[in-house]
Amino acid sequence: MSNIYDYKAIEAKWQGRWDKSGVFRVERDRQKKKFYLLEMFPYPSGKLHVGHLRNYAIGDAIARRKRMQGFNVLHPIGWDSFGMPAENAAIANKSHPYKWTSNNIDEMRSQFKMIGISYDWEREVATSHPGYYKWTQWIFARMFDEGIAYRKKSFVNWCATCVTVLANEQVIDGLCWRCDNKVEQQERDGWFLKITDYAEDLLKGLKQLEGDWPLRVLTMQKNWIGKSFGAQVDFKIEGGGDITVFTTRPDTLYGATFMALAPEHPLSRKLACGTELAEGVENFIRKTVSQNTIERSAEGVEKEGVFTGRYAVNPLNNELIPIWIANFVLIEYGSGAIMSVPAHDQRDFEFARKYDLQIRVVIAEDKKSVEESPEELALDGDALVEAYTGDGLMVNSGPFNGLDNRKEGMAKVAEYLKEKGIGERTINYRLRDWGVSRQRYWGAPIPIIYCDKCGPVRAPDDQLPVILPTNVEFPESGLSPIAGLDSFIDTICPKCGGPGRRETDTMDTFICSSWYFNRYTSARLKTALADREDVDYWMPVDQYVGGIEHAILHLLYARFFTKFLNNIGAVSVNEPFRRLLTQGMVIKDGAKMSKSKGNVVPLDGIVRKFGADATRLFILFAAPPERDLEWSDAGIEGSFRFLNRVYRLVEGNIESIKKGAEVTEGAPGKIGEMPKDLAIIVRATHKTIAKVTSDFDRFQFNTAIASVMEFLNTLTAYKFKDDPLSCAVLREAVEYIALLLQPFTPHFSSEIWEMIGHTEPVTDELWPVANDACLKDEEVLIVVQVNGKLRGKFSASPDVSKEEMEKLAFADEKVKGFIGDKPVRKVIVVPGKLVNVVI
RNA sequence: GCGAAAGUGGCGGAACUGGUAUACGCGCUGGAUUUAGGAUCCAGUGGGAGACCAUGGGGGUUCGACUCCCCCCUUUCGCACCA
């Protein structure tokens with residue numbers, strides 16, 4: 001008898017069977033309750049590594065268990081196959097992204113099969129396939145029609161290394177999310193999606209997800225959307241023109257002693273134009289704008305500014321206030337201009353101190369000070385050490401004096417502004433429109449044609465997909481090979497029939513992944529992005545599993561697309577993912593495992609050495625799913641050993657186990673009549689079922705697996721006899737081990753199941769249910785404490801009375817010794833658990 | 001700075017609503033088997049000679065605290081001039 005089970009043969013055998021029989025293929029079936037389980041699909045970077053495995057092992061465990069619970073489970077996989085690495089690799093190897101990508105997909109597909117994930121392979125999609133991106137373009141076309149996709153010139157995030165523009169969500173701490181290089185600001189034309197139109201819907205939708213999504217993700221999205229209430233106010237510029245500002249503090253308007261514009265603000269250059277200040281202003285703007293995001297926004301960067309020489313009129317008191325340009329004012333937020341209230345805003349305060357600008361207090365901290373010394377308040381702006389940002393009573397504010405700033409002031413000032421037609425209450429969001437133009441080749445072409453007469457016109461639906469030409473050469477620079485490709489560019493305007501030029505930018509790949517979950521419901525359909533009945537049956541995704549790194553990016557975009565598709569009547573759901581499980585990252589050498597960081601632990605070597613089952617089991621056993629996991633090879637042998645022990649138990653007792661099938665009634669019914677020690681095994685069996693079930697419901701795979709291991713320890717410690725009842729007990733134990741492990745170690749479970757004589761596959765079995773009668777112990781251990789410290793134990797019937805427990809506790813010799821002759825002050829008895837004697 | 005999560009043996013991690021802290025696994029020690037190694041099996045394994053002491057530190061509530069409350073420290077993550 002070999003010590004190591006033949007995992008290679010076993011895994012190949014079952015993978016072959018699953019492939020051939022197509023057990024994991026599903027069809028829409030209104031009779032059955034559906035369950036849509038989805039893991040975030042991978043970018044086909046080459047090979048699976050243990051970081052990938054975690055995601056897919058978790059997903060597969062859930063999918064397989066749901067199948068065992070009788071659900072019609074949709075569990076598909078595909079490829080997020082557009083993207084820069086393919087293009088860069090192609091340039092480096094003088095190959096083509098198409099080839100590189102499809103080779104990688106082939107490699108990764110075979111690896112997915114090698115680890116036995118229960119996918120419906122008939123639904124496989126690849127976002128770089130024309131049959132897929134046709135519908136990506138179709139959605140873009142709808143967005144164009146609805147005014148959601150639009151073109152504008154603006155300051156955008158530019159990554160020089162990737163030679164392309166990035167969305168705000170793709171800039172992490174001022175660095176490119178992909179290559180970690182510094183991002184610069186550049187003024188460019190490009191396509192944007194008006195995600196801001198959906199800001200309120202996206203925010204509201206988060207409420208619906210509460211409890212089903214990790215709170216962390218909900219909070220991050222909420223902060224990202226960043227809703228704030230306030231007012232917009234128009235300030236007249238002395239000598240003509242006006243500036244609109246957004247403020248959350250209309251109650252401090254009387255304290256606005258200067259204005260500040262973002263350097264990028266269109267008026268910044270104009271205001272000083274032709275004056276002797278023009279040069280200084282120009283220099284300041286140029287210097288500030290050329291700084292990258294980090295240099296400009298890092299903590300502790302000093303506030304700087306320059307005076308434009310011009311003044312605006314405070315609309316409430318008609319005072320002239322100087323207009324400055326300041327580095328801390330952001331063009332992206334609000335209107336890119338602010339009214340500055342140094343007494344009540346720390347940033348304005350620092351700026352005012354530096355440039356010696358007036359500071360006027362308009363909110364008094366408490367009532368008393370207003371009543372006692374009203375005249376002093378007008379003066380003490382200079383005495384402030386920092387801005388007062390709290391609430392209080394309005395002072396120095398004309399007719400508003402004495403009002404509670406928050407309860408009345410804000411509304412009253414806003415009302416007044418509205419009456420005068422110089423402002424109103426408004427809501428501002430931090431969320432910006434999504435810049436989606438990418439100056440790279442390997443992405444979905446934006447289906448737009450420029451015509452000198454008609455402007456940008458979208459390609460008609462019957463001309464979709466706009467095919468990305470594959471017969472191209474790649475310049476070393478990383479510039480897109482289609483940017484100068486006349487055969488692609490030159491076309492006819494669909495509107496007027498005149499000459500037209502195709503857009504050569506491609507779409508951000510996050511667009512491709514914003515709707516793919518719909519496509520799985522009818523992956524090969526040629527006439528629509530998804531069959532309406534199919535998509536209505538399967539969507540939403542019941543359980544989504546993916547990395548926390550997409551908390552904002554992908555998860556926000558996918559929600560936005562779903563709301564848009566719902567809006568145009570293409571789908572019925574409003575939120576794509578009912579429940580979300582964010583698994584922690586797999587860390588190696590202190591960084592998230594990824595190919596670009598060069599710290600990947602490839603899967604194939606490990607699987608070769610221990611088998612797919614042991615590898616999957618280990619990664620689920622090593623830590624709870626949400627926690628980060630520092631990878632080490634060290635523990636995997638334990639999982640492998642465990643499987644070997646189970647295998648040997650079955651192989652070594654195969655005759656008894658088979659004989660056990662002849663006892664027709666099964667062990668649980670006979671628990672009352674069997675020997676005590678055998679009954680303990682039956683109880684352990686059913687307790688394990690109950691424990692694995694409840695742990696699984698909470699996705700605590702690590703403890704679920706631990707309890708099966710513990711059960712095996714109990715089982716192997718017991719000397720089974722060969723009588724029919726013992727055989728039945730052993731058989732039952734082995735059967736449940738196979739069933740409970742099936743979601744984690746499917747090949748192994750299948751093999752065990754077959755070995756003990758089953759002809760139907762274990763993957764078709766139902767999830768076991770513990771027998772309640774077997775969960776109750778015959779005896780329980782009662783602990784005895786003296787003054788809260790453990791001093792003794794005894795066992796008793798689980799329904800032992802409190803009086804009896806107390807009696808038994810005091811009878812314990814050790815306990816007696818600790819009590820001595822001291823008086824007993826109190827005795828606490830927890831039924832069936834513990835006695836605590838207080839002396 | 002703000003917000004969130006976390007801190008338990010040599011290591012990964014258990015402990016559901018306060019009730020035997022350290023389940024399960026790794027590693028380590030000793031033994032059995034083996035020509036040897038590997039594999040396997042058995043026993044042991046928080047610290048301390050000990051009464052006792054231990055869940056980041058310090059207080060508190062309680063008969064009883066990893067669990068609840070207060071203060072502090074550390075780590076990780078997110079946000080960070082958002083007007």
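Each chain gets a letter, A, B and so on, in the order the sequences are listed, and its residues count up from 1. Both backbone and side-chain heavy atoms feed into the values below; hydrogens, waters and symmetry mates do not.
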Report each atom pair, protein N/O against N/O of nucleotides 10-14 of chain B, whose distance is under 3.5 angstrom.
from, atom 1, to, atom 2, distance (Å)
B:rG12, O2', A:Ala622, O, 2.7
B:rG13, O3', A:Asn702, ND2, 3.4
B:rA14, OP1, A:Asn702, ND2, 3.1
B:rA14, OP2, A:Arg627, NH2, 3.4

Residues within residues 212-231 of chain A bordering RNA chain B, heavy-atom distance below 4.0 Å: A:Arg216, A:Met220, A:Ser228
Just the atom pairs and distances: protein N or O near nucleotides 39-49 of chain B's N or O, under 3.5 Å.
from, atom 1, to, atom 2, distance (Å)
B:rA39, O2', A:Asn3, ND2, 3.4
B:rU40, O3', A:Arg648, NH2, 3.0
B:rC41, OP1, A:Arg648, NH2, 3.3

Atom C1', compared across B:rU67 and B:rU20: separation rounded to whole Å: 16 Å
Integer angstrom distance from the P of B:rC16 to that of B:rG56: 15 Å
Nucleotide B:rU62, atom P - distance to CZ of A:Arg825 in whole Å: 12 Å
Given B:rU20, B:rA80, B:rC81, the nucleotide with the shortest approach to the side chain of A:Asn327: B:rC81
A:Lys816 bridged to A:Glu813 by N-O distance under 4.0 Å: yes
Main-chain N/O of A:Gly305 paired to A:Tyr355 side chain as donor or acceptor, under 3.5 Å: yes
Check: A:Glu169/A:Trp224 side-chain N/O donor and acceptor closer than 3.5 Å: yes
Pairwise P distance, B:rU75 and B:rU8 [rounded to whole Å]: 14 Å
Pairing nucleotide - B:rG64, Watson-Crick or G-U, each distance under 3.5 Å: none
Pairwise 5' ranking along RNA chain B for A:Asn836 and A:Phe618, keeping only the more 5' one: A:Phe618
Base partner of B:rC28, which must satisfy Watson-Crick or wobble distances under 3.5 Å: B:rG44
Backbone N/O of A:Ala387 and side chain of A:Gln346: donor-acceptor pair under 3.5 Å: yes
Watson-Crick or G-U wobble mate for B:rG3, both contacts under 3.5 Å: B:rC77
Complement of B:rA51, any strand, by Watson-Crick or G-U distances under 3.5 angstrom: none
Distance in angstrom units between A:Ile705 CD1 and B:rA23 C1', rounded: 14 Å
Nearest listed nucleotide, side chain of A:Ile828, among B:rC24, B:rG19, B:rU20: B:rG19
Pairing partner (Watson-Crick or G-U wobble, both distances under 3.5 angstrom) of B:rG37: none
NZ (A:Lys814) with more than 12 external heavy atoms under 6.0 Å: no
Residues A:Lys691 and A:Glu710 bridged, charged N to O under 4.0 Å: no
Ring centers of A:Phe701, A:Phe621 separated by less than 6.0 Å: no
Interatomic distance where NZ belongs to A:Lys687 and P belongs to B:rC16 [whole Å]: 17 Å
Same-atom distance (P) from B:rC68 to B:rC2, integer angstrom: 23 Å
Aromatic ring proximity, centroids under 6.0 angstrom, A:Phe618 and A:Phe610: no
Rounded distance in Å between the P positions of B:rC73 and B:rG64: 29 Å
Assigned partner base of B:rC16, Watson-Crick or wobble definition, under 3.5 Å: none
Whole angstrom value for the distance that separates P of B:rC2 from CD of A:Gln346: 14 Å
Closest to side chain of A:Leu790, choosing from B:rU20, B:rG19, B:rA83: B:rU20
Test log, rule side chain to side chain donor-acceptor pair (under 3.5 Å), inputs A:Asn428 and A:Ser228: CA-CA 5 Å; A:Asn428 199 54; A:Ser228 47; 5.0 Å; no
Nearest-angstrom distance from the residue atom CZ of A:Phe235 to P of B:rA83: 16 Å
Integer angstrom distance from the P of B:rG37 to that of B:rG30: 14 Å
Atom pair CG (A:Asp345) and CD (A:Glu386), whose distance is rounded to the nearest 0.5 Å: 12.0 Å
Minimum-distance nucleotide to A:Leu330 side chain [options: B:rC24, B:rU20, B:rC82]: B:rC82
Distance test, side-chain N/O of A:Lys833 to OP1/OP2 of B:rG19, below 4.0 Å: no
Distance, rounded to the nearest Å, where A:Leu253 contributes CG and B:rA83 contributes P: 16 Å
Base partner of B:rA21, which must satisfy Watson-Crick or wobble distances under 3.5 Å: none
B:rG46 glycosidic torsion: syn (within 90° of 0) vs anti: anti
Nearest-nucleotide pick for A:Glu710, side chain only, options being B:rA83, B:rC24, B:rG19: B:rC24
Sugar-phosphate, base or nothing in reach of A:Val329, heavy atoms under 4.0 Å: base
Comparing A:Asp345 and A:Lys826 on RNA chain B - which has the more 5′ nearest nucleotide: A:Lys826
C1' atoms of B:rG10 and B:rU61, separation to the nearest Å: 35 Å
A:Phe328 six-ring centre to A:Arg347 NZ/CZ under 6.0 Å and within 45° of normal: no
Interatomic spacing from OG1 in A:Thr252 to NE2 in A:His344 - rounded to 0.5 Å: 7.0 Å
Distance between P atoms of B:rG47 and B:rG9 (Å, rounded): 12 Å
Nucleotide B:rG78, atom P - distance to CH2 of A:Trp177 in whole Å: 15 Å
Per A:Lys303 side chain, nearest of listed nucleotides B:rG19, B:rA23, B:rC81: B:rC81
Close side-chain approach of A:Leu741 and A:Phe642, heavy atoms under 4.5 Å: yes
Evaluation steps, side chain to side chain donor-acceptor pair (under 3.5 Å), between A:Asn223 and A:Arg430: CA-CA 8 Å; A:Asn223 292 341; A:Arg430 205 190 81 117; over 6 Å; no
